[in-house]
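Before I ask anything, let me first share the structure, which is written out below as structure tokens.
Values in this document were obtained by computation on a predicted structure and should not be read as measured data. Below, chains carry the letters A, B, ... as their sequence lines are ordered, and counting in each starts from 1.
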2 protein chains.
Amino acid sequence: MSSKTPKAGAKSAEQQEKTLDLSALQRTPGFMLRLAQLKFFEGFYEEFAALGLTPATYAIFAVIRDNPGVPPSSLASLLRLRLPNLIKILNELESSGFIKRNRSKADRRAVELMLTPKGAKLIAEGARLTEPYNRKMLAPLSEAEQRTLLDLLNRMLPL
Amino acid sequence: MSSKTPKAGAKSAEQQEKTLDLSALQRTPGFMLRLAQLKFFEGFYEEFAALGLTPATYAIFAVIRDNPGVPPSSLASLLRLRLPNLIKILNELESSGFIKRNRSKADRRAVELMLTPKGAKLIAEGARLTEPYNRKMLAPLSEAEQRTLLDLLNRMLPL
DNA sequence: TATTGTTATACTCTATAACTATA
DNA sequence: TATAGTTATAGAGTATAACAATA
């Protein structure tokens, strides 16, 4: 009937994360994917902070770079952003001089997005950080496993 | 120098997602992980809507079920939630009668979380939906590949 | 009338600061 | 003084509604 022994059966408050049963979450792909994404995003902000790039702007720059003239609507559906939310980002990128909007001559409702030289330089600098950043995030896996993971993700998703 | 032919070199506005170069994003694990997580979360809301479970509450229930008496602070750091944000959810779950808070006798600052019978019933019903839901989300992969993906995610993350 | 882009706005999720009570 | 929990609040991300210009 002793009470103040902080060692014996004191499971409740002293229950540390080490001793918790997490097996259910470990078997839950959705939860593990969330953790993985958090890790990648936190790491991204550290690695690319100096350039002022975010995961969203990095993806936007990359798609415009590889597809000059891409319209905002395609960009939004591709990146899984709602058009109004993308527009807000595009406004900032344009007023900062990283991208340029051209009205399409064929359909004057449509907008064609392009990188300015300043924007092209920024994404080029970002691209140089990409490989070491990915390696760091995936460090616990062998190179073959890293390729397998990326391959499985690509096959899982209809892109 | 022709102009109005909407077929020939009309890459800009007619550029559909089918013809876009997405290879850069496909080689970016962080982006693919984001897409995967979005897919799992959207699917979750569809599948578990009838039970009123969200990814967050599902995880909370599962951890309390497997670790009765777990304190909010451990739960928060485990699920990567800030304590104040978790507290708000716990308040709703308690006032809805799904969980119960006990003050620890050993340390009266500490709180021990438990499921009520009503909460235990809810997570038990949710658990029955879990396997078919995961199978659906991972359908493009073989069972061996599904196991590989989960294994790689677990090895990537320090849980 | 339908589509593209845009603005305005609401809502959810997440982050920070400060307070209470115990230790 | 430090810690666990809580409250209040601010910020970022994401959602819907409505409008202008063009088709």
Quiz item: For A:K88 and A:V111, take the nucleotide of DNA chain C holding the closest heavy atom to each; which residue's nucleotide lies nearer the 5' end?
Solution: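 First, find each residue's nearest nucleotide; the 5'-ward one identifies A:V111.
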Practice problem: May I have the distance from A:R34 (atom CZ) to D:dG13 (atom P), rounded to whole angstrom? | Solution: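 Distance check: A:R34 CZ to D:dG13 P gives 16 Å.
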Quiz item: Once you round it to whole Å, what is the distance between C1' of D:dT7 and CD of B:E94?
Solution: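 The answer, rounded to whole Å, is 15 Å.
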Self-check item: Atom-pair distance (CZ on A:R82; P on C:dT12), nearest Å
Solution: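 Interatomic distance, CZ of A:R82 to P of C:dT12: 15 Å.
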Quiz prompt | Sugar-phosphate or base contact per nucleotide [nucleotides 18-23 of chain C; S, B, -; heavy atom under 4.0 Å] | solution = ---BBS
Quiz item: Does B:R101 offer a backbone N or O that forms a donor-acceptor pair with the side chain of B:E94 under 3.5 Å?
Solution: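 Looks like yes, one N/O pair under 3.5 Å.
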Practice problem: Would you indicate what A:Y45 reaches in the nucleic acid, counting non-hydrogen atoms under 4.0 angstrom: base, sugar-phosphate, or nothing? | Solution: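 Sugar-phosphate contact only.
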Exercise. Ignoring backbone atoms, test whether A:R101 places a side-chain nitrogen or oxygen under 4.0 Å from the OP1 or OP2 oxygen of C:dT6.
Key: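 Result: yes.
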Cut-off 3.5 Å, no hydrogens considered: what does the side-chain donor-acceptor table look like for residues 151-159 of chain B, sequence neighbours left out?
{"residue": "B:N154", "atom": "ND2", "partner": "A:Q26", "partner atom": "O", "Å": "3.0"}
{"residue": "B:N154", "atom": "ND2", "partner": "B:L150", "partner atom": "O", "Å": "3.0"}
{"residue": "B:R155", "atom": "NH2", "partner": "A:E145", "partner atom": "OE1", "Å": "2.8"}
{"residue": "B:R155", "atom": "NH2", "partner": "A:E145", "partner atom": "OE2", "Å": "2.1"}

Quiz item: When you measure from the side chain of B:S95 to the backbone N and O of B:N91, does any donor-acceptor pair fall under 3.5 Å?
Solution: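 Yes, the answer is positive, given that a donor and an acceptor are paired below the 3.5 Å cut-off.
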Quiz prompt | A:E92/A:K88 salt bridge by N-O under 4.0 Å criterion | solution =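 Salt bridge absent between A:K88 and A:E92.
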Exercise. Round to a whole Å and report the spacing from CD1 of B:I89 to P of D:dG5.
Key: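 Spelled out: CD1 on B:I89 to P on D:dG5 is 15 Å.
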Quiz item: Quick one: A:L83 CG to C:dT3 P, roughly how many Å, whole number?
Solution: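 To the nearest whole Å, that distance equals 14 Å.
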Practice problem: On DNA chain D, check which nucleotide each of B:L90 and B:L38 is closest to and give me the residue with the more 5' one. | Solution: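 Its nucleotide being nearer the 5' end, the pick is B:L90.
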Exercise. Check the distance between D:dG5's C1' and B:N85's CG and give it to me in whole angstrom.
Key: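 B:N85 atom CG is separated from D:dG5 atom C1' by 14 Å.
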Self-check item: Distance, nearest 0.5 Å, that separates OH of B:Y133 from CZ of B:F40
Solution: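 So the gap between those two atoms works out to 5.5 Å.
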Self-check item: B:L81 CG - C:dC13 C1' separation (whole Å)
Solution: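 Rounded to whole Å, this separation is 10 Å.
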Quiz item: In whole Å, what is the span from the CG atom of A:N102 to the P atom of C:dT4?
Solution: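 It works out to 18 Å between those atoms.
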Quiz item: Under 4.0 Å: is that the gap between some side-chain N or O of A:S73 and OP1 or OP2 of C:dT3?
Solution: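 For A:S73, the contact criterion (side-chain N or O under 4.0 Å from OP1 or OP2 of C:dT3) is not met.
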Practice problem: Would you please confirm or rule out a distance under 4.0 Å between OP1 or OP2 of C:dG5 and any side-chain N or O of A:N91? | Solution: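 Answer no for this pair, as no side-chain N or O of A:N91 is under 4.0 Å from OP1 or OP2.
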Exercise. Find the distance between CG (B:L33) and CD (A:Q37) and round it off to the nearest 0.5 Å.
Key: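 One finds 7.0 Å between CG of B:L33 and CD of A:Q37.
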Quiz item: Rounded to the nearest 0.5 Å, how far apart are CD1 of B:I99 and CD1 of B:I60?
Solution: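 CD1 of B:I60 is found 7.5 Å from CD1 of B:I99.
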